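The block underneath contains the structure these notes are about, expressed in structure tokens.
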There are 2 protein chains.
Amino acid sequence: MELNHTHDASVKSWLASANETGTDFPVQNLPFGVFRRAGSDEAFRGGVAIGDQIVDLAAAARAGVFEGLPQLAAQACSDTALNGFLAMGPVAWRALRHALFAALRHDAEARVVGLLQGCLLPQAEAEHSVPTRIANYTDFYTSIHHARNVGRVIRPDDPLTPNFQWLPIAYHGRASSVVVSGTPFRRPMGQALPPGAQAPVYGPCARLDFELELGFYIGPGNALGQPIPLDKAEDHIFGVSLLNDWSARDHQFWEMAPLGPFLGKNFCTSVSPWIVTMEALAPYRVPFAHPADEPQPLPYLDGAANRAHGGVDVQLEVRLETAQHRAQGVAPDRLTATSFRHQYWTLGQMVTQHTVGGCNLMTGDLLGTGTISGPTPPEAGAIVELSRGGTVAIDLPGTGEQRRFLEDGDNVILRGWCEKPGAARIGFGECRGEILPALAA
Amino acid sequence: MELNHTHDASVKSWLASANETGTDFPVQNLPFGVFRRAGSDEAFRGGVAIGDQIVDLAAAARAGVFEGLPQLAAQACSDTALNGFLAMGPVAWRALRHALFAALRHDAEARVVGLLQGCLLPQAEAEHSVPTRIANYTDFYTSIHHARNVGRVIRPDDPLTPNFQWLPIAYHGRASSVVVSGTPFRRPMGQALPPGAQAPVYGPCARLDFELELGFYIGPGNALGQPIPLDKAEDHIFGVSLLNDWSARDHQFWEMAPLGPFLGKNFCTSVSPWIVTMEALAPYRVPFAHPADEPQPLPYLDGAANRAHGGVDVQLEVRLETAQHRAQGVAPDRLTATSFRHQYWTLGQMVTQHTVGGCNLMTGDLLGTGTISGPTPPEAGAIVELSRGGTVAIDLPGTGEQRRFLEDGDNVILRGWCEKPGAARIGFGECRGEILPALAA
């Protein structure tokens, strides 16, 4: 994707908070979400994050901020989910982004500034819902470091399955239990096989884990039976968010042979409220290649553009805030930090693989990248890796606590951002979720 | 579920075709589907099969056939999918069934008969769509005979995984590619590892298979985090249909370690147009028990009602109609015949297991039972079992052809019915699908 004037890092906004150092949401970002005033019974509607504010796109469409295609796109964002806007495709997405950029830059028309100032809500006063009506949720498994780390726990002799380097592995997830950041959930009940036991036991999950992932949302879908070739794949991707694929490892490892994870994953999946568009990520695209001594992608998963800039350098971290952190007023401890650039397959390859057999993607579908673990142990994207299957305690310096798995009251906070000299910081905001105690058995 | 006057096998209908021996749709059945006049641009709407006709419920609601709760239920069936009706729950389902039974029986009021006669469309003149908007599709794996048969192909030393006898195994399927009976689909492209090869190849599926299953549809859902106990599970099940979980075995077996089937299944799943209600199946409920020398269900999967009548004796068969059968005008050959009564877990146990960790079911969700294979080899519900992984050719006496897997032009036809002395035959109709050639690679 080529750079254009909306990527110019020197452009400031008339909204001061959008120009602050370290903001996730400068005028070059403009991520989309769905919001309403917190605690109200207003209808949810589409908005765009800028500095510490949200542009209410429904209000802006009514106020006459836009015209032409941007106006149609903003009207589509007035719905309770972004599906209508996502279905419009890249030309409309770009048109609205460029119109917002023009309206929010420091030298925007005074008339437009006046209108937009009436369409802002502070992010601190908003609540969110999942940004699309998710018809289908798919989770990939595309970090070779995660696959090796987890594989060692389950299959010490053979951690990496032979297919991993040939195709982006995936499984179908549960769409109904995808929730937006900030939604607490109960520790799940279920069956697990205790070490050495002959029969399983029923009880609360004893090995609750997070998974650090990115999620990406599908714009226009494809017809059943019509695969999406790699060179068209990104035309179908609207943008990227943070995703936490909460996992009940004891339930998962007992149930998953031979058909994969089910109850171990389907009790909750959290997504961040904001979707960062592919256009906003353009400055952070990086070359993609498999190591020369490893299998090279088959032709249908290979292409010049994918090699040149198929990757995305998104920096990621996970922090843990326990009940003790909150009681003591201590900042959350960082558990891990890594980047998506280490991933073994690209977003485009995931779309092409998903559809190669004819499966139809639908507008608003959510695809997860799978856990993002970097090459060194501290870069692992799940506790089961950091604690080596629960055998090593993880220190939380802030409170002096330790963790092998997650405990009730723990709040896991994912953050992501792109940053480099000469480009504007593109932040993803946060994806957080707190664990409530299990229902009594 | 107790029997009532709608199960009385001696009651006839004023519609002669509903009284014919061997009809799937006597007045005691009354399955629900969604239809319109074939080839028209009419809106799809709900209907009920009776004999060789369909009662147009939208027309009947307008005509004033019903009043009270049955009228509200019929109005809910006027939508393009049955979700609104399914959300109303068992009291409404029963009310509409009983009102239809009263209106269709031989001694119905003349006024009602006159009105209903104006609301009939011959089934031969109708086309169908998938009966609900399926938000989530889950496929179980609950035939121990299927698990052993397929396990022997993949894991000869250890065919049955240790969890099988402890919980109904399941995986999330693909909701977007569920199609209604009669919809053809393309042979999928994908990766497979040829026997003895070191690297996979990309090409059309070489081991295309069917899976004989029942599907069942969820009425009222449950809130995230609120499991459905076994003694309430059937309150959430509207009814049962036929389901063919088409499978690309070569793609599936290469991709499925460690996260389960994905492209091997998600190119197409076919369902029959008619959903037979749980109330219609009441005469065919049978006791359920695991063999005494096998693990007994944990308490949350056990209950007196489930033991007394958790099973359903649905007889099932699969027929194959090849291009040669059509060219020669020969009847399809029967590949297999079995019954759902052999299944290792009940529909109620599947619902309870699905939600035990808090996963929320949604109205209109589709759950598959997994392949239904009986205890003897000819009762297997998939070709991979019948042909022992493709090593034994299956004879088709009608044309003299043979099959190890499915070929282009093959039309697979599932049928199901309940039948016993003293009870009306309850038929499921057909679920069929034809295989089109793969797109050129």
Side-chain angles (χ1 to χ4, degrees), chain A residues 135-136 138 141 151 154-155 161-163 166-167 169-177 179 185-186 188-191 193 199-200 202 205 221 224-227 248 251 254-264 266-268 295 298-300 353-354 356-362 365 436 439, chain B residues 135-136 138 141 151 154-155 161-163 166-167 169-177 179 185-186 188-191 193 199-200 202 205 221 224-227 248 251 254-264 266-268 295 298-300 353-354 356-362 365 436 439:
Chain A
N136 305 273
T138 297
Y141 182 71
I154 314 177
R155 298 173 301 275
T161 55
N163 51 9
W166 290 101
L167 55 83
I169 294 171
Y171 65 99
H172 296 294
R174 181 76 190 178
S176 70
S177 54
V179 303
F185 65 92
R186 289 203 176 275
M189 302 293 292
Q191 283 190 29
L193 188 70
Y202 168 72
C205 170
L224 189 61
Q226 294 290 339
H251 301 167
W254 167 237
E255 78 182 344
M256 74 184 283
L259 298 182
F262 182 61
L263 296 181
N266 71 12
F267 56 92
C268 188
L298 293 177
Y300 81 94
Q353 179 68 14
H354 202 316
V356 68
C359 181
N360 53 329
L361 299 181
M362 295 175 74
D365 280 358
L436 305 176
L439 283 174
Chain B
N136 306 272
T138 297
Y141 181 71
I154 313 177
R155 299 173 301 275
T161 56
N163 51 9
W166 290 100
L167 55 83
I169 294 173
Y171 64 99
H172 296 295
R174 180 78 191 177
S176 70
S177 54
V179 302
F185 66 92
R186 290 202 175 276
M189 302 293 292
Q191 284 190 30
L193 188 71
Y202 168 72
C205 170
L224 188 61
Q226 294 292 339
H251 302 166
W254 168 235
E255 78 182 346
M256 74 185 282
L259 298 182
F262 182 61
L263 297 181
N266 71 11
F267 56 93
C268 188
L298 293 177
Y300 80 95
Q353 178 68 15
H354 202 317
V356 68
C359 181
N360 52 329
L361 300 181
M362 295 174 73
D365 280 357
L436 305 177
L439 282 173

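A note on names: the letters A, B, ... follow the listed sequences, proteins ahead of strands, and every chain is numbered from 1. These numbers come from a predicted model, not from an experiment.
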List the atom of [X], the atom of [Y], and the distance in Å for their closest heavy-atom pair.
X: B/N266; Y: A/C359; value: OD1-CB, 3.4 Å
X: A/T161; Y: B/A257; value: OG1-O, 3.5 Å
X: A/L259; Y: B/P261; value: O-CD, 3.7 Å
X: A/L439; Y: B/P227; value: CD1-CD, 3.6 Å

Name the region of [X], side chain, backbone, both or neither, that has any atom closer than 4.5 Å to a heavy atom of chain B.
X: A/A199; value: both
X: A/L361; value: both
X: A/H251; value: neither
X: A/A135; value: backbone
X: A/P258; value: both
X: A/F267; value: both
X: A/S176; value: both
X: A/P162; value: both

Under a 4.5 Å cutoff for heavy-atom pairs, which residue among A/F185, A/Y171, A/W254, A/Y141 has the most contacts with chain B? A/W254
Interface residue of largest heavy-atom contact number with chain B, from A/G173, A/G358, A/G225, under 4.5 Å: A/G173
Close side-chain approach of B/Q191 to A/V356, heavy-atom, < 4.5 Å: no
Tell me, side chain or backbone of B/P200 under 4.5 Å from chain A's heavy atoms, or both, or neither? both
Where does B/L167 contact chain A at under 4.5 Å (heavy atoms): side chain, backbone, both or neither? both
Could you tell me how the ring of A/Y300 sits relative to the ring of B/Y202: parallel (under 30°), tilted (30 to 60°) or perpendicular (over 60°)? parallel
Nearest 0.5 angstrom please: B/I169 CD1 to A/L263 CG, how far? 11.0 Å
If you count heavy-atom pairs under 4.5 Å with chain A, which of B/P188, B/G151, B/G357 comes out on top? B/G357
Chain A shares the most heavy-atom pairs under 4.5 Å, among B/R186, B/E255, B/H354, with B/H354
Chi angles and distances behind the side-chain contact (heavy atoms from CB on, under 4.5 Å) call for B/T138, A/R174: CA-CA 9 Å; B/T138 297; A/R174 181 76 190 178; 3.5 Å; yes
